[in-house]
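Input: a single structure, listed below in structure tokens.
Residue numbers begin at 1 in each chain, while the letters A, B, ... track the order of the sequences.
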Amino acid sequence: MRYSRMLIPTLKEVPADAQVQSHILMLRAGMIRKLAAGIYTYLPLALRSIRKVETIVREELNRSGAQELLMPMVQPSEIWESSGRWNQYGPELLRIKDRKGGEFCLGPTHEEVITHLFSNEIKSYRQLPINLYQIMDKFRDEIRPRFGLMRGREFIMKDAYSFHINKEDALESGYKVMYDAYTRIFTRCGLKFRAVEADTGAIGGNYSHEFQVLASSGEDTILACDACEYSANVEKAESKYEMTGEVEPGSAEVVEVHTPNQRTIDEISAFLKVGPEKLIKTLIYHDDDGKFYAICLRGDEELNELKLKNHLGVNAVYAAEEADILKQTGAPVGFAGPVGMKLPVICDFSVKTVADGVTGANKKDYHFTGVNRGRDFEPIAWADLRCAKDGEGCPRCDGGILHEYKGIEVGQTFYLGKKYSSKMKAVVQDENGKDVAVEMGCYGIGVSRTVASAIEQNHDDKGIIWPLPIAPFAVEILPVMMKDDAVREAGEKLYGELLELGIEVLLDDRTERPGIKFNDADLLGIPIRITIGKKSLKDGNVEFKLRRSQDVELIPLTDIVTKVQDTIAALMAECSGE
RNA sequence: CGGGGUGUAGCGCAGCCUGGUAGCGCAUCUGCUUUGGGAGCAGAGGGUCGUAGGUUCAAAUCCUAUCACCCCGACCA
């Protein structure tokens, strides 16, 4: 492609409404333009990268036995009513009417459509297993779209749905296969990522993983072991911490102390001059049935609500309102404690590391000191309820330490079991002619977000540094002076030769000044740059430079094609995962 | 939806308080000179000042409403 003919409207200045690097750089590199909040046009350069990701996704999914189809973006309300989600989904579902007043929505996801299709077309266990996927635009009317392609309302997603006759199959030939395919996909994209254990909600089990591209600007926090494969979203992560540091209960007397208006851990810690690790904090929670609990943690620990929810085996947990706390504990917020607590007390393991602790007295403006477990209170359960932290022990292996990373979620795999199939009539006849609900899995990849996260992970202050497999072009030829006949002709000749070999090459044939060309080249981030200048050309050489490196090599014109081919092969091999 | 902020040329902004010819830089077009890291000179084009009402002899400027966009919270690929 000739630069002079391609729509690449680069910007020298940073657009005022962009905050994150991927957004800024995609705007500046002329890759995207906004039409409305969270809705973008992908310009030619961006589309080339998107297509590359899509191709990798297709190749790996096809290889894993999945089949591509394409479902409608506009979906009738009926199927959403039958799944119960027409009312449930909320304002994120963009609803529209046709000319006859019929109700439709723009598809935010396709469980309804795929299940509708399945129940009509798949009747027998002999047709299973089957895995169907598509790559298309989704529309989710997000409350707050932001960060360019990172969180758009319209975005490109690959969604896959698998159907199996039994759980063993679903996990082995379904979930595991997709997990491996995802690992290959992101490896082939040239991204540094981790597959982390994620919340499975009410389904339970370790059968959901988030694929997180590591980037300091990521919104998700993950903890990963430095010795084994364990890594998990901090929302779910466990650690070996609770097994260490346990102390015997102390022998101090329980003393009621006056602590006027001292509510928070910091306030009490300062007021009584004891460290927060000597405090036991008590939080009041209730589940979706309105049942209340008192949750105790060491003062310097944070409650992981997800762990609490899973421990209780309920659909949701909520922090109690101020009025409820007064009603349930007899004291205002800040003075709850396990001693004499009427509500069931559940303690995090961290409480075992506190002896002669400080707790609320369930009485306004009073706390207890010298509180010890066993003697002064007894929880109904001990559990891991705290947020795991950087530097703590790995729960899966010996000696491994967890480290914290920031990540961008680009994919998630779910084993769903029969949760949806039983509700949505996805049934087949088994060998006995009996109807059974099928085992389902669903698997998503944010394609446009993957491209954005690649930039988030690979850039410097001058611009993008594309991983070769998803770069819009592999090579950029930069003739410094197009008006110099020798330089121009050498550029054109090399351009022709590389094209002939099927190499994707961008020829900057603009008659711009060198500074503009160099800066644009850095901004666009094409992995291989070949600069053709008057002086080196006189000796029969061109300059060869990788975007990610500072080194410039002088290569004889006669060798440059081979050099490019070898370099492409080497860069691709880095991402092959072999 | 709650809180904060911004709408003036393709991009970045000034002008508004104190009403009176709509400006600057970059970009664009023409010509000449320049050409290894965002050139110089000369000239040109481009704006219903987000929109709708109101006040006024007169509104980008004051008032009212409204819309859009951005940032902080709950959601998610």
Side-chain angles (χ1 to χ4, degrees), chain A residues 9-20 23-24 27-28 30 33-39 53 57 89-93 107-110 135-160 182 185-186 198-199 201 208-213 218-220 233 235 305 316 318-319 407-414 442-453 462-463 478-484 487-488 508 510-523 529 531-537 542-543 545 552:
Chain A
T10 58
L11 302 173
K12 198 165 14 173
E13 292 181 85
V14 178
D17 55 2
Q19 313 297 319
V20 299
H23 190 194
I24 291 170
L27 287 167
R28 287 195 53 216
R33 286 295 182 267
K34 183 173 71 182
L35 182 63
I39 300 176
V53 173
V57 167
Y89 211 94
E92 208 173 284
L93 186 66
T109 176
H110 281 69
I135 300 172
M136 70 170 301
D137 275 20
K138 296 281 185 271
F139 194 94
R140 297 182 186 173
D141 199 359
E142 294 272 351
I143 302 164
R144 188 150 93 84
R146 56 184 144 170
F147 304 150
L149 296 195
M150 296 293 276
R151 182 176 310 249
R153 291 195 291 176
E154 182 171 334
F155 59 98
I156 302 173
M157 180 174 169
K158 186 283 303 178
D159 47 325
Y182 272 38
I185 286 167
F186 294 116
D199 178 32
S208 179
H209 287 84
E210 291 169 353
F211 287 76
Q212 296 268 0
V213 168
E219 288 190 276
D220 289 333
N233 194 306
E235 290 170 6
E305 295 187 2
Y318 306 94
I408 302 161
E409 185 188 348
V410 291
Q412 185 161 16
T413 53
F414 281 103
C442 70
Y443 318 87
I445 290 178
V447 173
S448 39
R449 183 185 280 184
T450 297
V451 171
S453 67
K462 307 211 106 184
L478 197 158
V480 173
M481 255 293 278
M482 282 306 278
K483 282 187 180 162
D484 184 293
V487 167
R488 187 184 65 246
D508 192 346
R510 297 174 299 168
T511 51
E512 295 289 354
R513 297 172 61 81
I516 291 178
K517 291 188 168 193
F518 285 124
N519 280 306
D520 277 341
D522 287 341
L523 182 58
R529 188 181 85 192
T531 309
I532 303 177
K534 200 159 44 172
K535 281 182 209 154
S536 46
L537 190 61
V542 294
E543 289 166 32
K545 179 179 176 300
V552 177

Quickly work out the [X] [atom1] to [N] [atom2] distance and round it to whole Å.
| X | N | atom1 | atom2 | result |
| --- | --- | --- | --- | --- |
| A:K535 | B:G37 | NZ | C1' | 14 Å |
| A:D508 | B:G38 | CG | C1' | 13 Å |
| A:E142 | B:G73 | CD | P | 14 Å |
| A:N519 | B:U35 | CG | C1' | 15 Å |
| A:R140 | B:A74 | CZ | P | 18 Å |
| A:R449 | B:C76 | CZ | C1' | 7 Å |
| A:R513 | B:C26 | CZ | C1' | 16 Å |
| A:H23 | B:C11 | NE2 | C1' | 14 Å |

(request) Could you check A:Q19 against A:I156 and say which one's nearest nucleotide on RNA chain B is further toward the 5' end? (result) A:Q19
(message) Both A:E13 and A:A18 contact RNA chain B. Which one's nearest nucleotide lies toward the 5' end?
(response) A:E13
Need one value for [X]: base, sugar-phosphate or nothing, where a base atom within 4.0 Å counts as base even if backbone is also close, heavy atoms only.
| X | answer |
| --- | --- |
| A:G152 | base |
| A:R28 | base |
| A:V410 | sugar-phosphate |
| A:V14 | sugar-phosphate |
| A:R488 | nothing |
| A:S536 | base |
| A:G411 | sugar-phosphate |
| A:E543 | base |
| A:E210 | nothing |
| A:D484 | nothing |
| A:D520 | base |

May I ask which nucleotide in the shown strands pairs with [N], Watson-Crick or G-U wobble, both distances under 3.5 Å?
| N | value |
| --- | --- |
| B:G53 | B:C63 |
| B:A77 | none |
| B:G2 | B:C72 |
| B:G25 | B:C11 |
| B:U18 | none |
| B:G36 | none |
| B:C41 | B:G31 |

Could you work out the separation of [N] and [M] based on their [atom1] atoms and round it to a whole Å?
| N | M | atom1 | result |
| --- | --- | --- | --- |
| B:U8 | B:C69 | P | 14 Å |
| B:A77 | B:G36 | C1' | 44 Å |
| B:C63 | B:U6 | P | 14 Å |
| B:G23 | B:G2 | C1' | 38 Å |
| B:G50 | B:G20 | C1' | 24 Å |
| B:G7 | B:G54 | P | 25 Å |
| B:C75 | B:G38 | C1' | 41 Å |
| B:G40 | B:C1 | P | 49 Å |

(request) Check whether the aromatic ring of A:F155 stacks on the base of B:A77, taking stacking as ring centres less than 5.5 Å apart and planes within 30° of each other. (result) yes
(request) Confirm from the modelled atom types if A:R151 and B:C75 form a donor-acceptor pair under 3.5 Å, side chain to base only. (result) yes
(request) Mark yes or no for a side-chain to base donor-acceptor pair under 3.5 Å between A:R144 and B:G3, with no hydrogen or angle criteria applied. (result) no
(request) Determine the sole option in A:V480, A:D508, A:T511, A:D522 for which the side chain to side chain contact (heavy atoms under 4.5 Å, CB included) test with A:K517 is passed. (result) A:D508
(message) My understanding is that only one of A:H23, A:R28, A:Q19 makes a side chain to side chain contact (heavy atoms under 4.5 Å, CB included) with A:V14; could you say which?
(response) A:R28
Answer whether the closest heavy-atom distance between the side chains of [X] and [Y] falls below 4.5 Å.
| X | Y | value |
| --- | --- | --- |
| A:I156 | A:I135 | yes |
| A:P145 | A:R153 | yes |
| A:E409 | A:N233 | no |

(message) Could you go through A:R529 and A:L478, starting from their C-alpha distance and side-chain angles, then the distance that decides it, and tell me whether this counts as side chain to side chain contact (heavy atoms under 4.5 Å, CB included)?
(response) CA-CA 7 Å; A:R529 188 181 85 192; A:L478 197 158; 4.1 Å; yes
(message) Counting only side-chain heavy atoms from C-beta out, which of B:A77, B:C70, B:G37 sits nearest to A:D522?
(response) B:G37
(request) Give the nucleotide from the list B:C1, B:U35, B:A77 with an atom nearest to the side chain of A:P514. (result) B:U35
(request) State whether A:E219 and A:R151 are salt-bridged, where the test is any N-O pair (Lys NZ or Arg NE/NH1/NH2 against Asp/Glu carboxylate O) under 4.0 Å. (result) yes
(request) Could you tell me the separation between the CE atom of A:M157 and the CE atom of A:M136, rounded to the nearest 0.5 Å? (result) 10.5 Å
(request) For B:G73, take OP1 and OP2 only and decide whether either is under 4.0 Å from a side-chain N or O of A:R146. (result) yes
(message) Taking only side-chain N and O atoms of A:K34, does any of them lie within less than 4.0 angstrom of OP1 or OP2 on B:A68?
(response) no
(message) The test is side chain to side chain contact (heavy atoms under 4.5 Å, CB included); show your working for A:I445 and A:V410 and say whether it passes.
(response) CA-CA 6 Å; A:I445 290 178; A:V410 291; 5.5 Å; no
